[in-house]
2 protein chains.
Amino acid sequence: MMDHLEIFKALSNKTRLEILNWLKEPEASFPEQDFFDHGVCVGQIQQKAGLTQSTISEYLSILQRAGLVTSTRVGQWTYYQRNEEAFKALSQVIQSEI
Amino acid sequence: MMDHLEIFKALSNKTRLEILNWLKEPEASFPEQDFFDHGVCVGQIQQKAGLTQSTISEYLSILQRAGLVTSTRVGQWTYYQRNEEAFKALSQVIQSEI
DNA sequence: TCAACATATCGACTTTTCCCGATATGTCTA
DNA sequence: TAGACATATCGGGAAAAGTCGATATGTTGA
């Protein structure tokens, strides 16, 4: 069950919207990174966003709690990627429930 | 042009989400009111929400600035109704742009 | 196993949002 | 045109979110 309020709060921040947008095309947005099987790692996102590591880590967990991204730990890196199902569902919710 | 951030901020409040939901079916949600040609008036919404008049007035203008509702002044009353086009557009935006 | 590195968490400070009461503005009617 | 009523605006105190630096945790490779 989606918590609409939590999702909208997660989307109510310029940087978080940018991150979600970057994650739409990881290869184009993060040319530094080599492999994208599990998304993009925190450090890359942090560098591009220009905020501190702690802030970006916090933002990613807000997006994750809202269900908008998923994370995969690979070695010492954590990769984040969009959860496209969540966006489809949200799009539906806006048409039918909100 | 939609300002996504402003829209998501407007949707990031429980009471404002409730108001939008009530306005989906004004007749069912506001049995006190007689005519719904232009939506529901502020006083009815305020009463149902249980917050102060000033707060509800403010919330309605937040929703209006985001483009989610429109208002019509009729005599001393201001009626608010949903802007369904905005919701359709938002639904599209979530699928394509966010 | 230890040093280096990536990420997460904590504590603090600043900015924004929530929500109120008081007051101003606009409209109607006697 | 004054009084009553509906709504909007203003100013402020409390709560939440934004953002940082410092530190903790987890992982890897020498």
Side-chain angles (χ1 to χ4, degrees), chain A residues 3-20 23 26 30 32-66 68-81, chain B residues 3-20 23 26 30 32-66 68-81:
Chain A
D3 181 343
H4 307 152
L5 190 55
E6 189 173 13
I7 292 174
F8 291 131
K9 283 184 180 177
L11 294 172
S12 293
N13 176 281
K14 187 162 175 302
T15 302
R16 290 196 295 266
L17 287 181
E18 283 173 350
I19 292 171
L20 289 171
L23 292 181
F30 301 92
E32 317 280 307
Q33 190 171 308
D34 283 336
F35 303 106
F36 296 96
D37 304 7
H38 305 285
V40 181
C41 71
V42 179
Q44 294 291 323
I45 297 170
Q46 186 256 315
Q47 213 174 315
K48 185 153 177 134
L51 297 178
T52 62
Q53 189 273 321
S54 61
T55 297
I56 296 306
S57 177
E58 167 74 1
Y59 281 7
L60 288 168
S61 75
I62 288 170
L63 291 172
Q64 183 170 34
R65 277 198 297 277
L68 298 170
V69 301
T70 59
S71 73
T72 312
R73 180 105 200 199
V74 178
Q76 53 192 160
W77 294 275
T78 307
Y79 294 89
Y80 284 89
Q81 60 190 331
Chain B
D3 181 344
H4 308 152
L5 191 54
E6 188 172 16
I7 292 175
F8 291 131
K9 284 185 180 178
L11 294 172
S12 293
N13 175 281
K14 188 163 175 299
T15 302
R16 290 196 293 268
L17 286 180
E18 283 173 349
I19 292 172
L20 289 171
L23 292 181
F30 300 93
E32 316 281 307
Q33 190 172 309
D34 284 338
F35 304 105
F36 296 96
D37 304 6
H38 306 284
V40 181
C41 71
V42 179
Q44 294 291 321
I45 297 169
Q46 186 255 314
Q47 212 173 315
K48 185 153 178 132
L51 297 178
T52 62
Q53 188 272 320
S54 61
T55 297
I56 296 305
S57 177
E58 167 75 1
Y59 281 7
L60 289 167
S61 74
I62 288 171
L63 291 173
Q64 184 171 33
R65 274 198 298 278
L68 298 170
V69 301
T70 59
S71 72
T72 311
R73 180 106 200 198
V74 178
Q76 53 193 160
W77 293 275
T78 306
Y79 294 89
Y80 284 88
Q81 61 190 331

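Since this is a predicted model, take the numbers as computed values, not measurements. Values below: every heavy atom of this structure, side chains too, minus hydrogens, waters and symmetry copies. Throughout, a chain's letter reflects where its sequence line sits, starting with A, and its residues are numbered from 1.
- Using modelled atom types, no side-chain atom of B:Arg16 and backbone atom of B:Glu18 make a donor-acceptor pair closer than 3.5 Å.
- Counting non-hydrogen atoms under 4.0 angstrom, A:Tyr79 reaches nothing in the nucleic acid.
- The nearest heavy atom of DNA chain C to B:Trp77 and to A:Ser71 marks one nucleotide each, and the one closer to the 5' end goes with A:Ser71.
- With hydrogens and angles left out, the side chain of B:Gln53 and the base of D:dA8 share a donor-acceptor pair within 3.5 Å.
- Nearest nucleotide to the B:Ser54 side chain, out of C:dC5, C:dC20, D:dG21: C:dC20.
- For the 3.5 Å distance criterion, the side chains of A:Ser54 and A:Ser57 fail to qualify, holding no donor opposite an acceptor.
- For the pair A:Ile62 CD1 and D:dA16 P, the computed distance is 15 Å after rounding to whole Å.
- Taking OG of B:Ser12 as the start and CG of A:Leu5 as the end, the distance is 6.5 Å to the nearest 0.5 Å.
- Phosphate proximity of D:dA16 to B:Asn13: absent, as no side-chain N or O sits under 4.0 Å from OP1 or OP2.
- Closest-nucleotide positions on DNA chain D for A:Ser12 and A:Arg73 were compared, and the one nearer the 5' end corresponds to A:Ser12.
- Put simply, A:Tyr80 has a side-chain N or O that comes within less than 4.0 Å of OP1 or OP2 on C:dA8.
- Listed for the B:Gln46 side chain is a donor-acceptor partner under 3.5 Å among the backbone atoms of B:Leu51.
- Atom CG in B:Leu60 sits about 14 Å away from atom P in C:dC18, given to the nearest Å.
- Spacing between atom NZ of A:Lys9 and atom C1' of D:dG18 amounts to 14 Å, rounded to whole angstrom units.
- Contact annotation for B:Thr78: backbone-only contact, meaning every heavy-atom pair under 4.0 Å involves sugar-phosphate atoms and none involves a base.
- Here D:dA16 presents its C1' atom at 12 Å from CG of A:Leu5, a figure rounded to the nearest Å.
- OP1 or OP2 of C:dT17 has not a single side-chain nitrogen or oxygen of B:Tyr59 nearer than 4.0 Å.
- Here the straight-line distance linking atom CD1 of B:Ile45 with atom CD of B:Gln53 works out to 11.5 Å at 0.5 Å rounding.
- The CD1-P distance, from B:Ile56 to C:dC18, rounds to 12 Å in whole Å.
- What separates CD of A:Gln46 from C1' of C:dT9 is a distance of 16 Å, to the nearest Å.
- DNA chain D is contacted by both A:Arg16 and A:Gln76; A:Arg16 maps to the nucleotide lying nearer its 5′ end (nearest heavy atom per residue).
- Relative to the side chain of B:Cys41, the nucleotides C:dC20, C:dT7, D:dT7 differ in distance, and D:dT7 lies closest.
- A straight line from CD of B:Gln64 to P of D:dA8 spans 8 Å, rounded to a whole angstrom.
- Between A:Tyr79 and A:Val74, some side-chain heavy-atom pair lies under the 4.5 Å cut-off.
- For B:Thr55, whose side chain is taken as the heavy atoms from C-beta onward, the closest listed nucleotide among C:dC5, C:dC20, D:dG21 is C:dC20.
- Within the structure, a side-chain polar atom (N or O) of A:Thr52 is placed less than 4.0 Å from OP1 or OP2 of D:dC20.
- One interatomic measurement links the two molecules: CG of A:Leu17 to P of D:dA17, which rounds to 16 Å at whole-angstrom precision.
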